[in-house]
Amino acid sequence: MAKAHQKIQELSWEPQYHEPYMKYGTDYTFRKAAKKDPLKQVLRSYFPMQEEKDHRVYGASDGAIRGNMFRQVQERWLEWQKLFLSIIPLPEVSAARSMPMLFHVVPNPELHNGQAIQMIDEVRHSTIQQNLKRLYMNNYIDPAGFNNSLRNFHSDYCGTIGRQFAEGFITGDAITAASIYLTIVAETAFTNTLFVAMPAEAAANGDYLLPTVFHSVQSDESRHISNGYATLLMALSDEDNRQLLERDLRYAWWNNHRVVDAAIGTFIEYGTKDRRKDRESYAEMWRRWIYDDYYRSYLVPLEKYGLVIPHDLIEESWKQIWEKGYVHEVAQFFATGWLANYWRIDGMTDTDFEWFEYKYPGWYDKYGAWWENYNRLATPNGHNPIVFEDVDYVYPARCWTCMVPCLVREDMVMADIDGVTRTYCHEVCRWTDVEAFRPTYQGRETPNMGRLVGHREWETLYDGWNWADVVSDMGFVRDDGKTLTAQPHLDLNPKKMWTLDHLRRCPPLGSPNVAINNLDAAGKAAFLADYNKQGPAGRPAPSGA
């Protein structure tokens with residue numbers, strides 16, 4: 001194997017027939033780095049291995065069809081897969097696109113081989129995940145949402161969060177995006193909850209096909225982690241990179257926490273019907289796989305190289321999940337805006353209440369009444385969708401950086417950038433936009449760093465629109481041309497389903513961020529003070545507080 005790997009390196013060359021165009025740059029330098037690939041794999045062994053894995057995936061797919069698995073899976077679970085499987089192929093494709101960015105900036109012929117194989121991996125992952133979604137669409141009782149989700153996710157008020165996450169792999173500084181953000185944090189830390197915890201929950205809900213596909217994906221992650229670790233060691237060899245590494249670890253950790261924990265935590269805790277008391281909660285999984293396995297076993301040992309580890313952010317992330325109810329706030333937000341989705345969201349039952357109270361003591365006092373109201377308002381009966389009803393919930397402002405709304409109200413901060421007031425869910429997201437993603441960082445020129453610009457807020461894009469026009473514009477309507485794809489329940493009786501006519505009578509969509517920018521300085525300060533006193537569970541600030 002070592003000889004074959006050495007031979008591959010001899011085949012690399014620098015082109016003499018043209019001047020390479022450096023499209024993707026980096027502010028990192030690799031003057032002193034050793035050139036080693038710790039994994040060493042060649043295509044001769046790679047392709048037979050992947051072929052065997054693909055045989056197993058497609059064999060399981062055939063078995064699922066013959067065994068009529070799709071009619072036995074819990075509907076609550078499969079509805080959430082309409083969102084998950086519409087988003088997940090995009091990070092895979094972005095990861096594939098990011099590997100050539102590293103060819104230009106990582107001067108290591110050994111590692112280029114590993115990056116090329118990772119690029120093939122990511123394309124394969126995207127293919128089998130989209131095929132899984134096609135099987136769901138063709139065989140599940142309600143294909144609406146699966147049938148157009150490739151088009152929908154980028155315009156949905158939740159899917160846009162996934163889009164900004166995935167495009168972070170291919171924008172800005174190539175090392176920051178494709179190495180630190182993708183391979184060192186996203187793949188090394190968070191794929192355990194994504195590709196191990198999710199499949200376990202799928203199996204518990206009668207879906208054994210998703211575990212087959214996603215374990216086939218996860219088994220490639222060790223190769224990707226190796227690529228990231230090799231690049232990290234190269235960067236550590238050059239003292240000039242230390243400042244950038246510490247910046248990027250803070251950004252990458254926090255952005256991954258905000259998006260991955262929001263999504264996977266919600267799927268696992270609110271998409272399941274498995275309420276066994278001995279089943280691990282998302283918080284327990286997170287503590288085991290991310291805190292113990294990644295933070296204590298991978299990040300902390302890097303201190304011996306003199307690298308400052310973001311201990312404060314790891315502890316704050318845990319505090320967000322365990323004390324501040326981050327996952328529960330996200331699930332409540334998804335359900336509040338159910339009418340802007342393309343999947344159905346099942347309400348919580350007494351069994352769910354009991355399990356949440358057991359796993360997260362104090363849960364019912366914070367969220368129980370709201371979910372009872374969600375069930376009460378699920379079917380149309382002269383009232384409007386829950387977002388317009390008086391249920392003690394204030395619709396949140398959107399975070400400019402991670403795009404998850406500012407759900408932990410006490411943490412929300414604001415900043416004025418280019419004459420516009422931006423809101424952030426946490427001080428670290430403010431720091432990312434205002435300090436880290438800038439042409440200069442702590443006095444050092446960083447021209448390759450990205451920018452958080454463009455039309456980022458879903459609510460702002462549709463500000464002032466009638467809700468029926470919003471849903472029609474997004475294409476989230478069933479084949480009859482009037483019934484919404486999304487519903488706040490799982491009942492497919494047409495008399496219990498919401499239509500465009502129900503939305504036509506609702507107030508127009510109002511963007512909190514537009515409203516904030518229409519205030520004067522004193523009004524903005526008062527808005528922020530009131531916002532910080534709101535919650536938990538989106539409750540208005542107490543009167544006189």
Participant: Given 3.5 Å as the limit, does a donor-acceptor pair link the side chain of E284 with the main chain of S281, or not?
Facilitator: yes

Participant: Taking the side chain as C-beta and beyond, is there a heavy-atom pair between V470 and W458 under 4.5 Å?
Facilitator: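 Side-chain contact under 4.5 Å: yes.
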
Participant: Measure from NZ or CZ of K133 to the centre of the six-membered ring of F146 and say whether it is under 6.0 Å with the direction within 45° of the ring axis.
Facilitator: no

Participant: Do the side-chain N and O atoms of D240 and T29 include a donor-acceptor pair separated by under 3.5 angstrom?
Facilitator: no

Participant: Less than 6.0 angstrom separating the ring centers of Y282 and F267, yes or no?
Facilitator: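 Between F267 and Y282, which both carry aromatic rings, the centre distance is not below 6.0 Å.
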
Participant: When you measure from the side chain of S297 to the backbone of D292, do you find a donor-acceptor pair of N or O atoms at a distance under 3.5 Å?
Facilitator: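 Yes, S297 side chain to D292 backbone: donor-acceptor pair under 3.5 Å.
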
Participant: Name all residues meeting the side chain to side chain contact (heavy atoms under 4.5 Å, CB included) criterion together with D411; count only those two or more places apart in sequence or in a different chain, and write none if there are none.
Facilitator: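 D411 satisfies side chain to side chain contact (heavy atoms under 4.5 Å, CB included) with E316, Q320, K324, V408, H426 once adjacent residues are dropped.
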
Participant: Taking side-chain contact (heavy atoms from CB on, under 4.5 Å) as the criterion, tell me which of L90, L85, L83 meets it with I87.
Facilitator: L83

Participant: Kindly confirm or rule out a cation-pi arrangement of R287 over Y291, judged by NZ or CZ under 6.0 Å from the six-membered ring centre and within 45° of its axis?
Facilitator: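 Yes - R287 lies over the ring of Y291, closer than 6.0 Å to its centre and within 45° of its axis.
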
Participant: Examine distances only and state if a side-chain atom of N147 and a backbone atom of G145 form a donor-acceptor pair shorter than 3.5 Å.
Facilitator: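 At least one qualifying donor-acceptor pair exists.
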
Participant: For R97, I'd like to know if atom CZ has over 12 heavy atoms of other residues, nucleotides or ligands within 6.0 Å.
Facilitator: no

Participant: Relative to the ring of W343, is the ring of F334 parallel (under 30°), tilted (30 to 60°) or perpendicular (over 60°)?
Facilitator: perpendicular

Participant: Are Y441 and R247 close enough that some pair of their side-chain heavy atoms sits under 4.5 Å apart?
Facilitator: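 Answer yes - side chains close enough.
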
Participant: Under a 3.5 Å threshold, yes or no: a donor from one side chain and an acceptor from the other, between T401 and D433?
Facilitator: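 No.
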
Participant: Donor-acceptor pair, T191 side chain versus L194 backbone, under 3.5 Å?
Facilitator: no

Participant: Side-chain donor-acceptor pair under 3.5 Å between E79 and Y140, yes or no?
Facilitator: yes

Participant: What do the steps show when you test Y229 against T183 for side chain to side chain donor-acceptor pair (under 3.5 Å), and what is the final call?
Facilitator: CA-CA 8 Å; Y229 191 67; T183 57; over 6 Å; no

Participant: Donor-acceptor check, side chain of D207 to backbone of L209, threshold 3.5 angstrom: yes or no?
Facilitator: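 A pair under 3.5 Å: yes.
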
Participant: Any sub-3.5 Å donor-acceptor pair from E459's side-chain atoms to N513's backbone N or O?
Facilitator: no

Participant: Regarding R398 and the six-membered ring of Y424, is the cationic atom NZ or CZ under 6.0 Å from the ring centre and inside 45° of its axis?
Facilitator: no

Participant: Any side-chain to backbone donor/acceptor pair from D156 onto G159? Under 3.5 Å, distance only.
Facilitator: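 Yes, because the side chain of D156 sits within donor-acceptor range (under 3.5 Å) of the backbone of G159.
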
Participant: Can a donor-acceptor pair be found, under 3.5 Å and without considering hydrogens, that links the side chain of N227 to the backbone of G114?
Facilitator: yes

Participant: If you round to the nearest 0.5 Å, how far is CZ of R258 from CG of N256?
Facilitator: 12.5 Å

